[in-house]
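As structure tokens, the structure follows; a few thoughts come after it.
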Amino acid sequence: MSPRLPTGRIRRTAAVGGALGAGGAAVAKARLRGDDEAEAHLEAAERMVKTLGTLRGAAMKIAQLASFVDVDLLPDEYRAIYQDQLAALRDSAPPMEWSRVKEVLEEAWGEAPERVLEDLEHDARAAASIGQVHRGVLPDGRAVAVKVQYPDVARALAADMQNAGLLMRMAKALAPGLDAKSAAAELKERVLEELDYELEAQKQRQFARAYRGHPFVVVPDVHTSLSAERVLVTEWVEDGIGFEEIRTTWSQEDKDRFGEVVFRFHLGSLHHIRHFNADAHPGNYLALGDGRVAFLDFGMTKHLDQAQIDLEVLAIRAALDDDPEGLRKALDDIGYLRKAERLDAELLMAHTRAVGGWYLEDTEVTIDARRVMKAIAAISDPRSKYAAIRRSQNLPADELMGQRMLLGVLGVLGRLEATRNWCAIGREWWFGEEPATELGVAERAFFAGR
């Protein structure tokens with residue numbers, strides 16, 4: 001029998017603290033005994049996976065983020081050990097037993113699931129932070145993905161959202177160096193939104209309509225009549241290849257193309273439909289045999305108005321034109337800066353390039369570990385020369401999810417070591433320039449015909 005999900009704030013705080021502190025304790029013991037520290041780190045990472053996976057909710061999201069973005073949480077010399085172990089949390093977590101799944105479905109549908117579907121597998125195909133997915137078959141023979149929210153997860157997440165220390169830690173992981181209180185408030189709103197699968201269904205339908213027939217992006221359709229607050233039913237994506245197999249077995253050329261698809265979907269959708277998916281972790285992707293990529297999770301998205309997007313493009317233009325004063329004004333207009341007139345505009349320009357240089361350099365750039373670390377250090381390292389810039393930065397609530405998305409995409413590209421002229425691709429959207437790649441040509445034709 002699967003254990004009940006702990007929902008109390010004190011119990012969850014203690015468990016999270018114990019899991020995140022496991023590394024230091026295990027290594028300290030290993031040093032005292034003269035044991036192999038690598039083995040101790042491996043043991044600690046496995047314990048973190050087990051504990052945080054069982055807790056699910058916001059606690060598990062820390063581990064999901066740490067596995068590919070928040071590398072500052074991981075010891076330099078043992079980072080790979082933690083990444084390999086925590087990577088499992090991007091795609092799976094300890095599943096709940098069938099009897100509890102059935103309870104949720106009966107409550108949502110008003111009758112037994114076998115009366116609604118022709119078939120429904122009892123074993124979950126995937127499990128994540130707040131729900132798990134089962135493969136089902138409709139009476140007309142179409143395969144569907146049935147995502148079922150864990151019982152008590154709403155109470156558990158509410159406990160996490162009341163846990164100021166945990167919430168601030170998550171906020172700092174998602175937006176290091178910026179106003180943690182503002183980040184925490186936006187994060188709380190977005191995370192609690194994820195509990196409402198009817199809202200997620202609405203957002204996924206928007207993306208599915210916008211990308212229906214797209215040459216390399218697939219967004220599964222939603223079966224609205226079967227979806228409810230705690231159940232989401234969507235089209236089943238057959239025979240997809242997951243991220244770890246892509247990363248470890250594909251040729252570099254194919255990984256470069258896959259990285260471009262991820263980049264175009266997450267950043268391009270903001271300019272194509274003024275809406276983007278903020279959750280860029282690799283468990284949300286499946287590569288299909290025809291070269292398309294399916295994007296699966298739309299619980300955390302953000303819509304921006306055109307005026308804000310235009311301001312962001314002005315900031316990008318200033319950075320590309322080497323116009324420090326223009327950059328300072330644009331960032332101030334967005335709301336990123338406090339007392340902008342006192343900031344060193346040249347230092348602000350250098351900081352912007354340190355963080356976003358990978359997509360602001362008009363040349364081919366390979367995203368490797370050095371690139372990822374450079375960007376994160378510019379944002380979070382208190383010893384860096386950009387500390388004064390960070391102290392003068394503000395975090396507009398509307399910008400938190402964009403920053404999370406950018407860091408997530410950067411982490412994904414870094415694990416692929418993908419190479420492209422990311423700036424040339426961006427210029428297609430920012431300034432309407434000619435497509436930079438074959439994918440760009442296909443995408444331009446698609447949206448021109450919408």
Side-chain angles (χ1 to χ4, degrees), residues 42 45-46 48-50 52-53 60-61 63-71 74 79-95 121 123-129 131-135 143-145 147 211 214-220 234-266 277 279-298 366-369 371-372 405 407-420 437-439:
L42 179 59
E46 290 172 343
M48 290 171 69
V49 168
K50 181 178 180 180
L52 294 170
M60 184 171 156
K61 289 182 182 296
Q64 287 177 328
L65 184 70
S67 67
F68 67 99
V69 173
D70 190 24
V71 293
L74 310 176
R79 185 168 297 141
I81 294 173
Y82 284 81
Q83 285 182 323
D84 290 345
Q85 289 296 314
L86 292 172
L89 290 178
R90 291 197 301 267
D91 306 313
S92 62
E121 295 179 357
D123 293 333
R125 290 289 190 100
S129 54
Q132 65 187 44
V133 178
H134 295 253
R135 188 183 187 278
V144 291
K147 183 159 74 169
Y211 281 89
H214 192 278
F216 52 83
V217 169
V218 173
V219 178
T234 64
E235 171 189 6
W236 181 263
V237 179
E238 295 283 2
D239 301 324
I241 298 173
F243 183 79
E244 289 306 308
E245 183 175 349
I246 292 168
R247 185 181 69 83
T248 57
T249 67
W250 280 22
S251 70
Q252 190 58 54
E253 181 181 0
D254 288 338
K255 287 191 285 188
D256 291 343
R257 183 187 183 278
F258 181 87
E260 181 183 342
V261 173
V262 170
F263 181 78
R264 285 184 176 276
F265 176 71
H266 282 287
N277 188 336
D279 201 355
H281 76 72
N284 293 343
Y285 314 137
L286 286 177
L288 308 183
D290 58 7
R292 296 181 299 164
V293 177
F295 294 83
L296 303 180
D297 192 303
F298 292 83
T366 298
I367 310 299
D368 54 16
R371 281 273 179 179
V372 176
M405 180 266 287
L407 284 176
V409 170
L410 178 63
V412 169
L413 298 180
R415 287 178 66 76
L416 295 169
E417 296 190 341
T419 300
R420 279 293 187 267
T437 68
E438 291 183 4
L439 293 183

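Heavy atoms only: backbone and side chains are in, while hydrogens, waters and symmetry mates are out.
- Distance CZ/Phe243 to CD1/Ile241: 13.0 Å, rounded to 0.5 Å.
- Gln132 CD to Lys147 NZ: the interatomic distance, rounded to the nearest 0.5 Å, is 11.5 Å.
- For Glu417, the salt bridge (Lys or Arg N to Asp or Glu O under 4.0 Å) criterion is met by no residue, not counting sequence neighbours.
- Taking the side chain as every heavy atom from C-beta outward, Val133 and Trp236 approach each other to under 4.5 Å.
- Taking each heavy atom of Arg135 and Glu238 in turn, the nearest pair found is NH2-OE2, 2.7 Å.
- Taking all atoms of both residues into account, the shortest heavy-atom contact from Pro220 to Val237 is CG-CG2, 3.7 Å.
- The two residues Ile246 and Ala287 come nearest to each other via the heavy atoms CD1-CB, 3.7 Å.
- Between the CG atom of Asn277 and the NE2 atom of His266 there is a distance of 5.5 Å, given to the nearest 0.5 Å.
- Of the possible polar contacts, one joining the Tyr285 side chain to the Ala280 backbone as a donor-acceptor pair under 3.5 Å is found.
- Other residues, nucleotides and ligands contribute at most 12 non-hydrogen atoms within 6.0 Å of the CG atom of Asp123.
- Within the structure, salt bridge (Lys or Arg N to Asp or Glu O under 4.0 Å) pairs that include any residue of residues 254-263 comprise Glu260-Arg264, Glu260-Arg420 (at least two apart or interchain).
- Using a 4.5 Å heavy-atom cutoff, the side chains of Thr234 and Leu296 are not in contact.
- In this view, Asp239 satisfies the side chain to side chain donor-acceptor pair (under 3.5 Å) rule with no residue, not counting sequence neighbours.
- Between Phe216 atom CZ and Leu439 atom CG the span is 5.0 Å, to the nearest 0.5 Å.
- The 12-atom threshold is exceeded at CD of Gln252, counting heavy atoms of other residues, nucleotides or ligands nearer than 6.0 Å.
- Distance alone, capped at 3.5 Å, is enough to place a donor-acceptor pair between the Asn284 side chain and the Asp279 backbone.
- By the 4.5 Å heavy-atom criterion applied to side chains, Arg415 and Val412 are not counted as neighbours.
- One distance of note links CG of Leu416 with CG of Asp368; it measures 12.5 Å at 0.5 Å rounding.
- Aromatic ring centres of Phe295 and Tyr211 lie farther apart than the 6.0 Å criterion allows.
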